[in-house]
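Heads up: the structure comes next, in structure tokens.
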Amino acid sequence: MLRLLENQLLKEKVYMRQIAPGLEVFVLPKKGYVKKYVTYATNFGSIDSRFIVEGEDKELSVPDGVAHFLEHKLFEDEDGNVFDRFARLGASSNAFTNFNNTAYLFSCTDHFAECLELLLDFVQTPYFTAESVEKEKGIIEQEIRMYEDNAQWRIFFNLLAAMYKEHPVRVDIAGTAESIRQIDKDVLYKCYRTFYHPSNMALFVVGDVDPGRVFEQVEANISKRNYKELGDIKRIYPNEPLELGQDFVKQELVVSQPLLNLGFKERDLGYQGERLFKKELTTNLVLDVVFGSSSKLYNELYEEGLIDDEFDAGYVAEQDYGHTILGGETVDPDRLLERLTLGIKEAKGSGISEAQFEHYRRKAMGEFLKSFNSLEFIANNFLAYHFRQINFFTYLDVLQSVTLADVNDRLHQHLVEDSMVRSLIMPKKG
Amino acid sequence: MPTYMRSRLANGINLFIHPTVKFKTILVQLIFHRALREDDVTESSLLPSVLQRGSGNYPNRMAIAHRLEELYGTELVSGVTKKGERQLVSFTLDLVHDQYLPGESSLLKKALQVLSDVVTNPVLFDESFKEDYVTQEKEQHEKLIKGLINDKIAYSVERCLQHMCENEPFGVFKYGSVERLKTIDGPSLYHYYRHFLRESPADLHISGDLDLSEVSSLAEQIFTFERGAEEAVAATSVQKKIGDVRYVQEELDVSQGKLVLGYRTGVTCADDDYFPLLVYNGILGSFPHSKLFQNVREKASLAYYTYSRLEKHKGLMLISSGIEVDNYEKALEIINRQLAEMTRGDFTEEDLENTRSGLRNQFLVEEDSQGLVINRVLDDMLVGREENTAQLLKRLAAVTREDVARVSANVCLDTVYFLTKRGGV
């Protein structure tokens with residue numbers, strides 16, 4: 001069945017079709033664009049580290065970093081390297097793994113149908129050998145080492161590891177040099193069998209293409225593979241308590257000045273779909289009012305030299321976890337902490353006014369419209385939201401449904417000291 | 001045929017209008033050109049931050065931010081980039097086209113007024129910028145200069161270039177130096193600013209779904225500040241490597257070593273041999289199918305990232321790679337071997353063909369980005385050439401194996417920089 005989603009304000013249309021046995025396919029035609037961008041993603045990320053493999057009854061717990069490792073290895077098959085085949089078509093291919101999803105993508109100008117076929121084929125053809133798995137470990141170890149020297153990355157993962165006691169979001173997406181040594185081809189095949197079934201995946205195509213032809217091609221490719229229906233995937237996430245693991249974490253690195261991040265752990269969990277989306281947009285409005293670049297707090301901190309223009313605040317909304325993280329580089333982390341804490345208290349005291357609320361909503365609307373220039377932004381976001389049962393096209397409607405009372409309630413409930421973690425990076429001496 | 005309209009405003013600013021219907025936004029860039037010089041870059045890179053602290057109509061940072069948000073989250077960002085031995089100081093506006101905003105009109109005009117106010121109508125006291133704005137921005141700027149070390153990949157590349165070009169203007173860091181910063185105050189920066197505004201050659205680019213005559217009269221109306229005789233920017237000098245390879249090691253308490261190799265190619269984007277050099281660089285290291293990725297990463301498992309890239313206005317090539325410090329010799333040997341293979345013409349027809357296809361793809365997709373379209377026109381102006389995509393693709397398709405061999409003969413290793421752990425290798 002073909003469905004059509006249209007957004008009048010954006011002047012964009014998305015064609016959607018579910019292809020047996022359950023692959024969701026989306027096509028957004030972008031007239032006049034030379035580039036075509038396609039992403040093929042599975043609802044499998046670094047947090048899916050405990051589950052029951054299809055056809056077995058025992059729980060499997062996999063080494064940290066498996067989803068990311070699998071992403072690397074899918075680019076190799078019996079005939080060699082998949083990058084080379086995209087190169088022959090003048091296309092460029094890539095992939096990324098985050099906490100929740102793994103996405104394989106290409107962008108091209110010519111040979112679109114061949115590129116699409118290649119993407120569908122290589123993602124559906126796992127080929128892991130003991131030798132190639134071993135070889136990849138050196139590469140991924142260097143990827144991990146690169147991030148070990150990256151202060152922004154470290155402060156972020158240190159914070160999550162402190163904030164969460166049990167939930168696997170506390171673990172680095174790529175795992176560690178030690179954990180990836182335990183990965184072998186068997187565990188990769190088990191993950192593949194469980195999570196790379198079409199019914200756990202989605203495809204997004206954006207560019208100047210004909211939706212009908214895309215659906216036909218995808219259907220032909222998928223149907224010849226005789227997939228069986230997949231039962232429910234049994235993912236096991238531990239019960240994460242409301243309280244923090246630790247409220248403070250610190251590391252020393254070679255940096256020019258300290259970095260401070262504050263994290264606020266979500267207490268109101270369990271939603272998917274529109275309710276989750278609304279919570280996300282509401283929280284981002286709150287953060288913009290309190291910490292945004294036209295806020296009183298931001299400008300005072302800037303003038304005092306406590307922050308620079310990279311200072312930022314953002315919220316992450318998932319069904320089983322959620323958090324706000326804010327901060328940046330600072331000369332004086334103690335003073336910054338004190339000022340931020342006071343600023344939050346003052347914001348709660350004065351509340352958010354109707355004028356502030358409308359002002360930031362208007363800004364959010366403009367930013368959303370602007371981002372639709374980017375094919376990558378459209379496709380990547382559409383799928384990431386799709387896996388949370390959210391239709392990304394409803395952004396402006398959901399934004400309109402947020403009320404002044406919503407943002408004020410959220411300000412009081414979310415930014416509370418009991419759920420606050422401090423993550424600090426200090427310059428290494430000598 | 002050019003896809004844009006070029007004219008000159010009454011005060012001498014070059015106006016470029018790029019009409020296109022495919023984007024939701026209008027992109028505006030006001031660009032000032034300066035010679036890249038030690039006694040100029042600190043001032044030119046500090047200046048935009050001071051200007052963004054307040055203007056006649058928006059007296060502080062908060063007022064500017066508030067006005068931009070009101071204009072549906074219009075962004076105004078400034079930046080400095082170096083193209084060869086030329087420093088570009090740019091102010092960029094990114095705003096929603098008002099055809100997507102029911103009930104809204106003249107958003108472009110309002111945004112241009114903010115831009116003009118910020119750039120040409122600063123908050124002044126006597127013959128000086130507001131002193132505390134200058135003091136605070138000097139502090140921020142010092143942090144920016146010192147903060148280079150926070151990104152180890154960017155740091156190692158910059159350090160390699162600084163060593164390699166230590167006696168050339170190109171070795172100058174685009175944010176200047178802390179020493180020079182100390183000599184700047186409100187009056188001195190204001191004095192600099194007056195010259196900067198009057199004398200720097202300047203371009204105004206506007207891209208979007210626009211009516212040409214409407215936009216050009218809007219620009220004419222708004223950008224009326226007084227200007228004088230322009231100070232031309234000298235051409236970038238392209239030097240050949242003389243003498244031995246220079247080896248530099250630096251120790252920091254890091255987890256991963258960064259190996260950066262700097263080469264002189266003798267060819268810039270102004271030369272006929274630029275396309276052969278692009279293909280050379282592509283076969284060697286700018287794609288996943290390239291020799292560096294295939295050999296340093298895929299075969300030897302030594303690195304996660306390894307690539308080569310051109311500094312096309314200066315005629316340089318850089319190779320950058322993150323490796324285990326113990327693998328320094330091994331990685332260097334493999335990289336040198338790839339260069340030797342290039343010189344011998346030891347690459348396949350497929351390597352050549354894949355690289356041509358990959359580059360073709362890169363040229364084509366530039367048209368899907370307002371920023372890249374503007375950048376291409378800017379580069380064309382600098383090299384005195386004007387080519388549309390079809391002409392570029394024709395030059396690319398004409399590159400032969402012999403052309404690649406010719407440019408490879410001139411690629412010469414100058415500096416090997418290695419950022420290593422304390423205690424080193």
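What's counted below: heavy atoms across the whole structure, side chains too, no hydrogens, waters or symmetry copies. Throughout, protein chains are lettered first and strands after them, A, B, ... in sequence-line order, and every chain is numbered starting at 1.
Side-chain atoms of B:K143 come within 3.5 Å of backbone N or O of A:G305 as a donor-acceptor pair. Between the side chain of A:K135 and the backbone N or O of B:E298, at least one donor-acceptor pair lies under 3.5 Å. Formation of a donor-acceptor pair under 3.5 Å by the A:T109 side chain with backbone atoms of B:L364 is not found in this model.
Neither the backbone nor the side chain of B:L148 has a heavy atom closer than 4.5 Å to any heavy atom of chain A. Residue contact with chain A, scored on non-hydrogen atoms closer than 4.5 Å, is absent for B:D132. For a residue to count as touching a neighbouring chain, one of its non-hydrogen atoms must lie under 4.5 Å from one of that chain's; by this rule B:K152 touches chain A with the side chain only. Only the backbone of A:S295 comes within contact range of chain B, with at least one heavy atom under 4.5 Å from a heavy atom of that chain. At a 4.5 Å heavy-atom cutoff, the contact between A:A91 and chain B is made by backbone atoms alone. Interface remark: B:E104 contributes side-chain atoms only to the contact with chain A (heavy atom separation under 4.5 Å). Of the two parts of B:I64, neither the backbone nor the side chain holds a non-hydrogen atom closer than 4.5 Å to a non-hydrogen atom of chain A. Neither the backbone nor the side chain of A:K137 comes within less than 4.5 Å of any heavy atom in chain B. Using a 4.5 Å cut-off between heavy atoms, A:E329 touches chain B through its side chain atoms alone. Within the 4.5 angstrom heavy-atom criterion, atoms from both the backbone and the side chain of B:E75 approach chain A. For A:I307, the part sitting under 4.5 Å from any heavy atom of chain B is the backbone (N, CA, C, O) and nothing else. With a threshold of 4.5 angstrom between heavy atoms, A:L10 approaches chain B through its backbone and through its side chain. Of the atoms belonging to A:D288, not a single heavy atom falls under 4.5 Å from chain B. Using a 4.5 Å cut-off between heavy atoms, A:N81 touches chain B through its side chain atoms alone. Residue contact with chain A, scored on non-hydrogen atoms closer than 4.5 Å, involves the side chain of B:E367 exclusively.
Between B:E353 and A:R88, none of the side-chain N atoms (NZ, or NE/NH1/NH2) sits under 4.0 Å from a carboxylate O, so this pair counts as no salt bridge. Between B:R61 and A:E303 no salt bridge is recorded (no basic side-chain N to carboxylate O distance below 4.0 Å). Between B:K24 and A:E12, at least one side-chain nitrogen of the basic residue sits less than 4.0 Å from a carboxylate oxygen of the acidic one, meeting the salt-bridge criterion. Salt bridge absent: A:K35 and B:D368 never bring a charged side-chain N and a carboxylate O closer than 4.0 Å.
A:V255 and B:N150 get closest at one heavy-atom pair: CA-OD1, 3.2 Å. Counting all heavy atoms, side chain and backbone alike, B:K22 lies closest to A:V34 at NZ-CG2, 4.1 Å. When every heavy atom of A:Q142 is checked against every heavy atom of B:L302, the shortest pair comes out as CG-O, 3.4 Å. Between A:G90 and B:S357, the closest heavy-atom pair is CA-CB, 3.4 Å. In plain terms, the two heavy atoms of B:T25 and A:N373 that are nearest each other are OG1-ND2, 2.6 Å.
When the candidates A:G138, A:S371, A:A87 are compared by the number of heavy-atom contacts under 4.5 Å with chain B, A:A87 comes out ahead. Ranked by heavy-atom pairs under 4.5 Å with chain B, the first of A:G366, A:G292, A:S294, A:A151 is A:S294. With chain A as partner, the option from B:P102, B:S255, B:G73, B:G147 having the largest number of non-hydrogen pairs under 4.5 angstrom is B:S255. Most heavy-atom pairs under 4.5 Å with chain B, from the set A:M365, A:Q8, A:E304, A:Q257: that is A:Q257. Of the residues considered (B:K299, B:R356, B:Q370, B:Q99), B:Q99 shows the highest number of contacts with chain A, using heavy-atom pairs under 4.5 Å. By number of non-hydrogen pairs under 4.5 angstrom with chain B, the leading residue of A:F83, A:F86, A:F372 is A:F83. Residue with the most contacts toward chain A among B:D253, B:L71, B:I149, B:D151: B:D253 (heavy-atom pairs, distance under 4.5 Å).
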Go through the steps to decide whether B:E70 and A:H359 satisfy the test side chain to side chain donor-acceptor pair (under 3.5 Å), and finish with yes or no.
-> CA-CA 6 Å; B:E70 213 165 59; A:H359 176 84; 4.8 Å; no
Take A:E143 and B:Y304 through the side chain to side chain donor-acceptor pair (under 3.5 Å) test and state the conclusion after the steps.
-> CA-CA 5 Å; A:E143 186 176 1; B:Y304 169 65; 3.2 Å; yes
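Using a 4.5 Å heavy-atom threshold, the side chains of A:S92 and B:Q362 count as separate. Residues A:D149 and B:I153 form no side-chain contact, since every pair of their non-hydrogen atoms from C-beta on lies 4.5 Å or further apart.
Every salt bridge (charged side-chain N to carboxylate O under 4.0 Å, His left out) that A:E141 has, sequence neighbours left out, goes to A:R145, A:R181. By the side-chain hydrogen bond (donor to acceptor under 3.5 Å, both in side chains) test, B:K258 pairs with B:Q256, sequence neighbours left out.
Using non-hydrogen atoms only and a strict 4.5 Å limit, the part of residues 283-293 of chain B facing chain A consists of B:P288, B:H289, B:F293. Residues of residues 133-142 of chain B lying under 4.5 angstrom from chain A, judged on non-hydrogen atoms, are B:Q136, B:E137, B:Q140 in numerical order.
Cation-pi geometry between A:K11 and B:Y100 is met: the NZ or CZ atom falls under 6.0 Å from the ring centre, inside 45° of the normal.
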